[in-house]
Amino acid sequence: RRGMFRRLSVFQLVVDIALAAACLAVRFTMTVENPAMGAVVVLMALALALRRVSPALALAVAWVGAILQMLAGMTPDASNLAILAVLYTSARYGTRIVRWLGLASAGLGALVATIYLTSGPGLGLPDSRVLLGAILTFVGSAAVLGLSWTLGLLVLTWRTSIDSRRERGAAQRAVIVEQERNRIARDMHDVVAHSLAVVIAQADGARYASATDPAVAQDALATIATTAREALGDVRSLLAQLRHEQGDGPSPTLADLTALVEQLRASGLSVGVSGPIDATSLPAAQQLALYRIAQEALTNALRHGRPGGRATLSLDVGADAATLTIANTLAEHPRPVGRVGHGITGMTERAHLAGGSLTATAEGDSFVVTARIPVGARS
């Protein structure tokens, strides 16, 4: 909108002007009693042309034409049908003020038309028949004028409801897409960060062992190749999911924790497992969350923990929740307190999405990550 005028397309403007011109031409093929009637016909055609581009101006022009028609003492004319279209558009396209002015115009117009038609010269004093005629005239006029305005309001409500549902649907789709992208980003971070940490550790070991123990170097190179191939497969799966929005990404379970621990041990991190890892009864979503949290925590221990330090992993599956605890020895110069990287943020998000919680904090000379994921009906 710009001021009192609405922005219409060229096609809409051409259609409205052509319709008004056609109605004007048809009316002038009929008898026009006097110049005043000609002016009324032109005003009604103008209101018809303006009804969508400026409902307020169209309403004002229609009122001017109706008042001129009554002042000249003329009877209702076919051109007065334009008033119905103006009332419709005042409710359909007008602002809130114009909309209520249109409703007031319908009621006032019915009253004025009733007085004008039933109290003309020569009717004498009102009797029962004149009063009944006035009532019927008012009811009929109010019904016709009010119906036009009500129809415009109903169409406005219907269109507003459709637009609102469309906007909600677009917003929901945007949220779903953003959540999916965040999930893929977390998976990508977990896969790439873990794999690169293992590759770097093995490459360093191979470089140092190549001169003194070629067999160790060969084993390290084999581990690098295996890890890189697995990471490449996971990354391809994630990229396909991002590109085509179909298929499932890598979904390891807690049964894969043993292989993960062995891989990190081969990379130089001493990992101790406290108790058996038996979580086959957990749902797949909870197993995936716990595995990814364990993977990220152990990878952080390999990258940021004290060289030659030790990490411990324990998993306690209770009736209500599964608690995963991973502790590792802090480096001699740990990162500044309050600096949170993507790893801790990703682990926290995974725990929250699974309905649980996660804490990651230094306790003495150790860094402890504790994730609690609800299981059973409450999850």
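Just so it is clear, the model here is predicted, and its values are computed rather than measured. Just the heavy atoms: all of them, side chains too, but no hydrogens, waters or symmetry mates, feed the values below.
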Taking a hydrophobic cluster as the set of Ile, Leu, Val, Met, Phe, Trp and Tyr residues connected by side-chain heavy atoms closer than 4.5 Å, whether directly or through intermediates, do Ile83 and Val64 fall within one such cluster?
yes
Give a yes or no answer on whether the side chain of Thr29 reaches the backbone of Val26 with a donor-acceptor pair at less than 3.5 Å.
yes
Test item: Arg310 side-chain N/O and Thr329 main-chain N/O as donor-acceptor pair under 3.5 Å
no
Report whether Val98 and Val86 are members of the same hydrophobic cluster (ILVMFWY, side-chain heavy atoms less than 4.5 Å apart, transitive linking).
no
Does a salt bridge link Arg306 with Asp365, judged by any charged N lying under 4.0 Å from a carboxylate O?
no
Using the rule that Ile, Leu, Val, Met, Phe, Trp and Tyr join whenever any side-chain heavy atoms are under 4.5 Å apart, tell me whether Met74 and Leu81 fall into a single cluster.
yes
Test item: Trp149 side-chain N/O and Trp100 main-chain N/O as donor-acceptor pair under 3.5 Å
no
Could you tell me the separation between the OG1 atom of Thr157 and the CZ atom of Arg92, rounded to the nearest 0.5 Å?
9.5 Å
Return the minimal non-hydrogen interatomic distance between Ala20 and Ala49, and the atom names on each side.
CB-CB, 3.6 Å
Verify side-chain contact (heavy atoms from CB on, under 4.5 Å) between Asn80 and Gln69, making sure each step is shown before the conclusion.
CA-CA 10 Å; Asn80 296 142; Gln69 185 176 356; 2.8 Å; yes
Sub-4.5 Å side-chain heavy-atom contact between Thr312 and Ser274
no
Can you check whether Leu84 reaches Leu145 side chain to side chain, under 4.5 Å on heavy atoms?
yes
State yes or no: do Val61 and Leu19 share one hydrophobic cluster built from I, L, V, M, F, W and Y residues joined by side-chain heavy-atom distances below 4.5 Å, directly or via other members?
no
Kindly determine whether Arg159 and Leu156 satisfy side-chain contact (heavy atoms from CB on, under 4.5 Å), including the steps that lead there.
CA-CA 5 Å; Arg159 289 301 308 176; Leu156 172 65; 5.7 Å; no
Can you find a pair of side-chain heavy atoms, one from Arg27 and one from Asp77, that are under 4.5 Å apart?
yes
Heavy-atom nearest pair, Ile373 first then Ala351, reads CD1-CA, 3.9 Å
Which heavy atom of Thr137 sits nearest to which heavy atom of Gly133, and what is that distance?
OG1-O, 2.7 Å
One should read off an interatomic distance between Leu315 CG and Leu324 CG, to the nearest 0.5 angstrom, of 6.0 Å
What pair of heavy atoms forms the shortest contact from Gly364 to Leu330, and how long is it?
O-CD1, 3.8 Å
Treating Ile, Leu, Val, Met, Phe, Trp and Tyr as nodes and any side-chain heavy-atom pair under 4.5 angstrom as an edge, say whether Met37 and Leu71 lie in one connected cluster.
yes
Please confirm whether the backbone N or O of Ser161 pairs with a side-chain atom of Ser164, one donor and one acceptor, at under 3.5 Å?
no
Below 3.5 Å, can you tabulate the donor-acceptor pairs from side chains in residues 106-115 to any protein atom, sequence neighbours excluded?
{"unit_1": "Thr114", "atom_1": "OG1", "unit_2": "Ala110", "atom_2": "O", "d": "2.7"}
{"unit_1": "Thr114", "atom_1": "OG1", "unit_2": "Phe138", "atom_2": "N", "d": "3.2"}

Is the closest side-chain heavy-atom distance between Ser90 and Leu101 below 4.5 Å?
no
For Ala58, is there any backbone N or O sitting under 3.5 Å from a side-chain donor or acceptor partner on Arg51?
no
Over all atoms of both residues, closest heavy-atom pair of Leu43 and Gly65:
CD1-CA, 3.7 Å
Between Leu68 and Ala36, the two heavy atoms sitting closest are CD2-O, 4.2 Å
Between atom CG of Leu254 and atom CD of Gln287, what is the distance when rounded to the nearest 0.5 Å?
4.5 Å
Would a 4.5 Å heavy-atom cut-off, applied to side chains only, mark Pro55 and Arg6 as touching?
yes
Between Val53 and Asp16, is the side-chain contact (heavy atoms from CB on, under 4.5 Å) condition met? List the steps.
CA-CA 9 Å; Val53 70; Asp16 289 352; 5.8 Å; no
I need the Arg52 CZ to Leu13 CG distance, nearest 0.5 Å.
8.5 Å
Donor-acceptor contact below 3.5 Å, side chain Ser54 vs main chain Leu50:
no
Looking at CG of Asn300 and CZ of Phe367, how far apart are the two atoms once the value is rounded to the nearest 0.5 Å?
7.5 Å
Could you tell me whether the side chain of Asp256 and the main chain of Thr253 form a donor-acceptor pair under 3.5 Å?
yes
Within a strict 4.5 Å, meaning less than it, do heavy atoms of the Leu298 and Val271 side chains meet?
yes
Can you tell if the side chain of Tyr93 reaches within under 4.5 Å of the side chain of Val155, non-hydrogen atoms only?
no
Assess whether side-chain contact (heavy atoms from CB on, under 4.5 Å) is satisfied between Val32 and Val41, documenting all intermediate values.
CA-CA 9 Å; Val32 178; Val41 173; 5.5 Å; no
With rounding to the nearest 0.5 angstrom, report the CD to CZ distance, Glu296 to Arg303.
7.5 Å
